[in-house]
Enquirer: 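Attaching a single structure in structure tokens format; questions to follow.
Per chain, numbering begins at 1; letters A, B, ... match sequence-line order.
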Amino acid sequence: MKFRLATWNINSVRLRLPLVERFVRAYRPDVLCLQEIKCVEEVFPLIPLQALGFPHIRINGQAGYHGVATLSRFPLEARGNENFCGSGQARHLAVAFDGGRVVVHNIYVPAGGDIPDPDENPKFKHKLTYLRALADWSACCAFGDQDRHILTGDFNVAPLENDVWSHKQLLKVVSHTPIEVEHLARLQKSGNWVDVIRRYVPEDEKLYTWWSYRARDWQSSNRGRRLDHIWTTPALADAVQSMLVVEEARGWQQPSDHVPVIADFDLA
DNA sequence: ATGGTTGCCAAGCAA
């Protein structure tokens, strides 16, 4: 079985429905994980997205903030929404397809506010707590050699030096602080997760999936960060055939500040 | 060092 999986922090699915349509027509993902849909299920644009070729859609929505949805051409089985660390925010959605043989966890890790100090900034504390809860959950899953899980979404952490435009200048900027990177590393170890995107771009090369709205010209300043990730359990890692970071989407009309990230799988 | 933009929903918060 072959499938193309994409993840995209859409920053309001209702506002950017035309961009989702444009992306899907051009890149034809089979499974699309959206984050920051910023709406409840009742007002999610279900009909147009089904018409776009995704009859199977699961939503974990919230009014105004956060929220994730997973769209699929294949039938999906619900696998629950974890309420990591009990915040009550809609940040996780698990589904399975291929008769339950592939599980996709769509996550939106808290951004963490501006001050990188958990004692001063409750949002940063929440981010660290959330990442610890994810690691505990992942360790608890105790994935076996044959378990095919994908952990994808907006992790809001750029772990490697070349996942940001300037490692030195971002050491105290939330998303690239050593403590967040440590927390993400612990999560990665807890499930033996493989960062499949970085397999295609050497660690000494820059790779970004997000560019701030605040730059006058995102392209020329190119101060990006790699915040969006596709991780798999080892059983799936070698099934990945290629990947793509759809940088052009940052230049589309009224864009999200994140761009889609794609991985192509072939289950031999 | 600072301020820069965007979306929700109609003021200020979250990112």
Enquirer: Which comes earlier along DNA chain B counting from the 5' end, the contact point of A/Asp154 or that of A/Ser12, where each point is its nearest nucleotide?
Expert: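 Closest to the 5' end, via its nearest nucleotide, is A/Ser12.
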
Enquirer: Using the P atoms only, state how far B/dT2 lies from B/dT6, rounded to an integer number of Å.
Expert: 23 Å

Enquirer: Within the structure, does a side-chain N or O atom of A/Gln89 lie under 4.0 Å from either OP1 or OP2 of B/dA14?
Expert: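 Looking at the OP1 and OP2 atoms of B/dA14, neither is under 4.0 Å from any side-chain N or O of A/Gln89.
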
Enquirer: Just to be sure I understand the rule, does A/Arg225 reach a base, reach only the sugar-phosphate, or reach nothing, if contact means heavy atoms closer than 4.0 Å?
Expert: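 No contact at all - A/Arg225 keeps every heavy atom at 4.0 Å or more from the nucleic acid.
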
Enquirer: Classify the side-chain pair A/Gln35/A/Asn106 by whether it contains a donor and acceptor separated by less than 3.5 Å.
Expert: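 Note: A/Gln35 and A/Asn106 side chains meet the donor-acceptor criterion.
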
Enquirer: Does A/Lys123 or A/Arg14 map to a spot on DNA chain B nearer the 5' end, using the closest nucleotide for each?
Expert: A/Arg14

Enquirer: From C-beta outward on A/Tyr65, which listed nucleotide comes closest to its side chain: B/dA15, B/dA14, B/dC9?
Expert: B/dA14

Enquirer: With rounding to the closest Å, how many angstrom separate the P atoms on B/dC9 and B/dG4?
Expert: 25 Å

Enquirer: Grab the CG-P distance between A/Asp257 and B/dT5 for me, whole Å please.
Expert: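 Spelled out: CG on A/Asp257 to P on B/dT5 is 14 Å.
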
Enquirer: Scan A/Arg16 against the nucleic acid and name what it touches under 4.0 Å (heavy atoms): base, sugar-phosphate only, or nothing.
Expert: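 A/Arg16: backbone/sugar contact only, no base atoms under 4.0 Å.
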
Enquirer: Starting at CZ of A/Phe124 and ending at C1' of B/dA15, how long is that distance when rounded to a whole Å?
Expert: 15 Å

Enquirer: Measure from CD1 on A/Ile10 to C1' on B/dA15 and round the result to the nearest Å.
Expert: 15 Å

Enquirer: Does the ring of A/Phe54 carry A/Arg73 above it, NZ/CZ under 6.0 angstrom from centre and within 45° of its axis?
Expert: yes

Enquirer: Determine the interplanar angle of the A/Trp193 and A/Trp137 rings, folded into 0 to 90°, and report it as parallel if under 30°, tilted if 30 to 60°, perpendicular if over 60°.
Expert: parallel

Enquirer: Would you call A/Arg198-A/Asp163 a salt bridge at under 4.0 Å N-O?
Expert: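 Looking at A/Asp163 together with A/Arg198, the answer is yes, because their closest N to O distance falls below 4.0 Å.
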
Enquirer: Could you work out which one of B/dT5, B/dA14, B/dC8 sits closest to the side chain of A/Arg214?
Expert: B/dT5

Enquirer: Expressed in whole Å, how much space separates the C1' atoms belonging to B/dA15 and B/dG3?
Expert: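 That atom pair is separated by 16 Å.
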
Enquirer: Please state how far atom CG in A/Asn11 lies from atom P in B/dC8, giving the value in whole angstrom units.
Expert: 7 Å

Enquirer: Using whole Å, report how far NE2 of A/His66 lies from P of B/dA14.
Expert: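 Result: 8 Å.
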
Enquirer: What is the distance from CH2 of A/Trp210 to C1' of B/dT5, rounded to the nearest Å?
Expert: 10 Å

Enquirer: For A/His258 and B/dA15, give me the distance from atom NE2 to atom P, rounded to whole Å.
Expert: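 Rounded to the whole Å, the gap is 11 Å.
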
Enquirer: In sequence, state the C-alpha distance, the side-chain angles, and the governing distance for A/Val157 and A/His183, and then conclude on side-chain contact (heavy atoms from CB on, under 4.5 Å).
Expert: CA-CA 9 Å; A/Val157 180; A/His183 277 66; over 6 Å; no

Enquirer: Rounded to whole angstrom units, what separation is found between the NE2 atom of A/His126 and the C1' atom of B/dC13?
Expert: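 Spelled out: NE2 on A/His126 to C1' on B/dC13 is 16 Å.
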
